[in-house]
Amino acid sequence: MEINYIGEHLWAGQLGQISIIIAFVSALVAAVGYAFATKNDAAFNDWKLLSRSAFSLHILAVFSIIGSLLYMLYNGMFEYHYVWQHSNSEMPMRYILSSFWEGQEGSFLLWLFWHAVLGAILLKTSKSWEAPVMAVFAMVQMFLVSMVLGINLGDVIRIGSTPFLLLRDHPDFMNLPFLQNANYLDNLDGRGLNPLLQNYWMTIHPPTLFLGFASTLVPFAFAIAGLWTKKYTEWMKPALPWTFFGVMILGTGILMGGAWAYEALSFGGFWAWDPVENSSLVPWITMVGAAHVMVIQKNRGQSLIMTFVLTTATFILILYSTFLTRSGILGDTSVHAFTDLGMSGQLLVYLLAFLFLAIILLIARWKEIPKSKDEDSLYSREFWMFIGALVLVISSFQIMFTTSIPVWNKLLGTNLAPPLDPIAHYNSFQIPLAIMLSILIAVTQYFKYSKTDPKQFSRALVLPLAVSVVLTAVIGYLMHYTNVMYIVMLFTTLFLITANLNYWVSVLKGKMKIAGASVAHIGFGMILLGAFLSTSKTQVISMNTSGTDVESLGEKGDFSNRENILMMKGDTLRMADYFVTYVGKKKEGVNVFYQVDYLTKTGNDYTLDFSLYPRVQTNPRMGNVAEPDTKHFLYKDIYSFVTYAEVETEETKEKPEEYKNTSTKQMAQGDTLFAGQAFVIFNGFNLDVDRAKYELQEGDIAVAADLTAVDISGKRTALTPIYVIRDRMAIPIPAEMEELGLRLVLNKVIPEEGKAEIALYEKPDSYREFIVMKAMIFPWINILWAGCLVMIIGTILAMRRRLKA
Amino acid sequence: MKKTHILAIIVIAIAIGAILSTVADSSTYASFSEAIENPGKEYHVVGKLDKEAEMTYDPEVDANLFAFRMIDNNGDAQTVHFAGSKPQDFERSEQIVLIGKYENDAFQASKILMKCPSKYNEGQPGEMQEFTAESATS
């Protein structure tokens with residue numbers, strides 16, 4: 001039975017889907033056409049014109065795909081699965097971009113978008129390189145568009161997953177009863193953007209990262225073009241500024257990811273060696289290597305093979321990273337990989353196609369690629385730069401090899417699990433490599449190309465060496481470094497920074513234009529230094545300060561040094577130099593904020609230093625998420641997040657609880673009795689009892705105990721339990737204090753000693769609000785963030801210089 | 001011998017070192033029975049939360065002890081102690097990976113990876129979440 005659905009906007013999806021097909025076909029035509037045009041005969045000029053139009057059409061089609069999807073999101077067309085899945089009618093419009101690229105299809109579109117933009121720029125600027133470079137571009141675009149094609153070949157093979165699929169055509173929904181209703185759209189709202197991703201990071205991080213991914217394609221396309229047209233060295237001139245651009249953007253994207261993790265996610269740091277983080281870091285490292293060997297090649301004509309290998313490897317590693325994070329292969333090992341959309345086969349074909357293209361071209365041209373015959377001198381800059389590039393290669397190899405454990409398991413049928421302590425595992429290699437790299441970066445620029453006078457060289461290094469030795473001694477002493485490896489690491493990063501600073505000031509005379517390398521290196525050194533100081537001296541301050549004796553549980557193991565602290569509402573606990581109070585919580589929208597006051601004590605007075613509001617984002621559908629709050633100081637960050645808490649803010653109804661006898665004491669005048677939240681002073685007996693109030697009968701003998709309860713805040717309350725003797729029977733009438741849950745009973749009067757036996761009854765806490773929290777200090781982490789900025793500036797300077805050349 | 005050859009040998013040596021250290025540092029996926037046979041040795045154990053059994057997390061007694069029972073892929077159930085706070089939504093987990101060792105009559109987990117019925121995409125297989133109990137020794 002055919003249903004005529006009401007209110008659907010089918011044209012929008014059709015426009016999008018047609019644009020996808022046009023984008024695919026035009027990329028295919030452009031790839032083939034440019035491949036023919038690469039032959040470079042005059043007769044092939046027509047091919048060039050044809051492909052140019054085809055690629056221009058492709059660019060328009062990509063924009064049209066993106067426009068369609070944005071339009072659908074903007075107008076809340078929930079008849080489309082992607083719109084339904086990633087947005088809803090309540091979502092503020094500022095998150096429209098986040099919802100656009102939240103899903104896999106959208107993120108492929110973002111990637112396509114950047115390739116289209118870069119392609120448009122190259123169309124105008126690549127001149128004689130246009131045909132071969134654009135051929136590679138078009139081929140890459142063709143593969144990428146196929147990821148969102150959404151075409152079924154037979155029943156088994158599905159090519160791509162389209163964002164323009166109707167909800168009622170989606171396999172999970174097809175047979176649901178509500179879709180039998182022609183009016184189903186009337187009551188349909190989207191599922192909404194994950195609240196975890198509703199922040200500005202989700203708006204700025206993905207586009208930056210994907211621009212970084214896209215920028216690796218440009219040097220790759222030039223390298224392939226160079227091999228293809230046998231212009232083995234000329235391709236580097238146009239490719240070099242792009243390589244620096246890629247280093248800058250991809251680096252920024254990765255660091256933004258780290259900053260996001262640090263600011264908004266409770267991972268407890270900015271870098272966790274997570275497979276997803278690693279797989280975007282590795283191509284960045286190889287791209288840095290590629291940029292450096294290209295500089296060597298430009299100046300000295302050496303290490304040409306290495307430029308091809310690193311440039312092509314960078315792009316292929318980006319594809320590999322896409323494969324790792326989107327094929328579901330990381331499954332059990334990563335915290336934030338995408339789930340499998342059933343496209344792993346397609347991704348693998350894509351990856352292998354470009355891998356083999358690069359390998360086959362390299363092998364075919366191997367003999368023709370010019371190789372330098374003479375060896376580099378040990379006293380030459382190019383030799384040590386080359387060594388530096390090798391260190392980068394080893395570093396990326398080690399990270400990739402361990403990250404790929406799930407892949408090895410698939411390939412070899414093994415059952416290896418990732419290292420138990422990944423951070424220690426990666427550090428055991430990456431710290432020594434960072435040390436080597438720091439020394440190389442510090443000294444290499446003091447070498448000249450081809451040959452250097454050893455004496456002059458060592459003289460120039462005396463000052464930075466001396467300064468960094470002194471700094472190491474001072475910092476090492478102040479921050480209590482004892483581990484030899486740490487001291488070496490501290491020294492080499494300081495040496496890196498001072499040597500580059502010295503080079504910039506005394507050799508380059510502080511000129512900005514040519515300072516790119518020095519400034520970028522100083523930035524890199526600051527990143528290393530900041531990362532090293534903040535992670536090696538991270539101090540968990542929420543340790544073992546709770547009043548509860550956790551060591552009594554020591555039988556089962558060592559429970560004394562755990563990192564979570566329990567804080568009852570109102571209690572003040574010591575944490576490092578602070579006294580910390582959990583004040584209470586309040587709910588704002590989906591967030592529950594927990595106010596934690598940090599106080600400092602001078603004498604007997606507490607003064608409020610600052611308050612932190614770590615929060616828990618309530619999310620009944622997808623699970624609650626804790627987000628940290630951080631107090632930034634110049635020299636340290638105090639970072640805290642809630643690890644366990646009640647999220648309900650309505651006062652939970654207290655059940656009437658029974659009073660329990662907690663202590664009984666014979667008290668003389670002036671004696672004190674301690675209750676849980678107060679202490680009680682016995683001031684003496686009082687025979688003047690208000691007989692009417694206690695409904696005493698004629699002949700009753702009554703005596704009152706004059707007590708004062710003092711609570712934590714110092715408030716004093718008078719309490720008078722009385723003791724009545726009626727017909728030789730003793731009837732105690734207790735005094736109660738509801739607020740503190742106290743009941744005091746005058747059990748017995750001992751006149752000969754002047755003492756009263758007072759029984760203390762307390763209401764067990766039926767509900768006392770608490771949170772379990774973790775707090776850490778990251779010292780000097782600001783050096784890292786400042787270093788990021790300095791490195792970005794340095795890379796821009798380097799890029800500008802290469803563009804002018 | 002040329003310098004390039006020496007360099008090549010050094011690079012290959014470090015690369016082999018990296019491979020070996022990865023293999024040496026890597027753990028293995030195992031069942032509870034294997035972990036019990038080798039107390040003190042660290043394993044990854046994959047399984048499901050035993051939803052019948054009781055979970056204990058009483059932060060007022062110890063904010064850093066969470067105990068529960070897990071059934072591994074062989075169907076063996078075992079008490080697990082985790083020295084940290086109870087992960088959010090633990091009840092909803094459909095798959096758990098424990099990293100830790102068997103000691104003192106219980107599996108002492110130092111890290112829990114759990115998969116909930118998707119945090120980000122309902123109806124799709126969920127994503128892994130990681131919870132670490134860091135001890136002072138690491």
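Chain letters run A, B, ... following the sequence lines, proteins first and then strands; every chain starts at 1.
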Q: Search all heavy atoms of B/Ile19 against all heavy atoms of A/Phe401 and return the closest pair with its distance.
A: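 That closest heavy-atom pairing would be CG2-CZ, 3.5 Å.
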
Q: If every non-hydrogen atom of B/Tyr29 is compared with every non-hydrogen atom of A/Pro418, which pair is closest and at what distance?
A: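 Heavy-atom minimum between the residues: OH-CD, 3.8 Å.
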
Q: Take a 6.0 Å sphere around CG of B/Asp105 and say whether it holds more than 12 heavy atoms from other residues, nucleotides or ligands.
A: no

Q: Please report the closest heavy-atom contact between A/Phe397 and B/Ala15, naming both atoms and the distance.
A: CE2-O, 3.7 Å

Q: Could you go through A/Phe383 and B/Leu7, starting from their C-alpha distance and side-chain angles, then the distance that decides it, and tell me whether this counts as side-chain contact (heavy atoms from CB on, under 4.5 Å)?
A: CA-CA 11 Å; A/Phe383 178 77; B/Leu7 281 178; 4.2 Å; yes

Q: Can you tell me how far the OG1 atom of B/Thr22 sits from the CD atom of A/Gln398, to the nearest 0.5 Å?
A: 5.5 Å

Q: I'd like to know whether CZ of A/Phe173 has more than 12 heavy-atom contacts from other residues, nucleotides or ligands below 6.0 angstrom.
A: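 Atom CZ in A/Phe173 is crowded, with more than 12 foreign heavy atoms closer than 6.0 Å.
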
Q: Chain B heavy atoms under 4.5 Å from A/Leu416: which part of the residue, side chain, backbone, both or neither?
A: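 When you check distances to chain B, atoms from both the backbone and side chain of A/Leu416 fall under 4.5 Å.
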
Q: Taking side chain to side chain contact (heavy atoms under 4.5 Å, CB included) as the criterion, tell me which of A/Val391, A/Leu390, A/Ile387 meets it with B/Val11.
A: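 Looking at A/Val391, A/Leu390, A/Ile387, the match for B/Val11 under the side chain to side chain contact (heavy atoms under 4.5 Å, CB included) is A/Leu390.
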
Q: Which pairs pass salt bridge (Lys or Arg N to Asp or Glu O under 4.0 Å) with one or both residues in residues 382-395 of chain A, sequence neighbours excluded?
A: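 The answer is A/Arg300-A/Glu382.
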
Q: Need one label for A/Ile423: side chain, backbone, both or neither, based on atoms under 4.5 Å from any heavy atom in chain B.
A: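 Contact with chain B involves no heavy atom of A/Ile423 at all.
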
Q: Distance from A/Thr643 atom OG1 to B/Asn64 atom CG, nearest 0.5 Å?
A: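 Here the interatomic distance stands at 7.5 Å.
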
Q: Quick check: closest heavy atoms across B/Tyr57 and A/Val772, and the distance to 0.1 Å?
A: OH-CG2, 3.7 Å

Q: What pair of heavy atoms forms the shortest contact from A/Ala417 to B/Ser26, and how long is it?
A: O-CB, 3.1 Å

Q: Show the atom names and distances, to 0.1 Å, of all donor-acceptor pairs under 3.5 Å that link a side chain in residues 32-42 of chain B to residues at least two apart or in another chain.
A:
residue	atom	partner	partner atom	Å
B/Ser33	OG	B/Ser31	OG	3.0
B/Asn38	ND2	B/Glu34	O	3.3
B/Asn38	ND2	B/Tyr43	OH	3.0

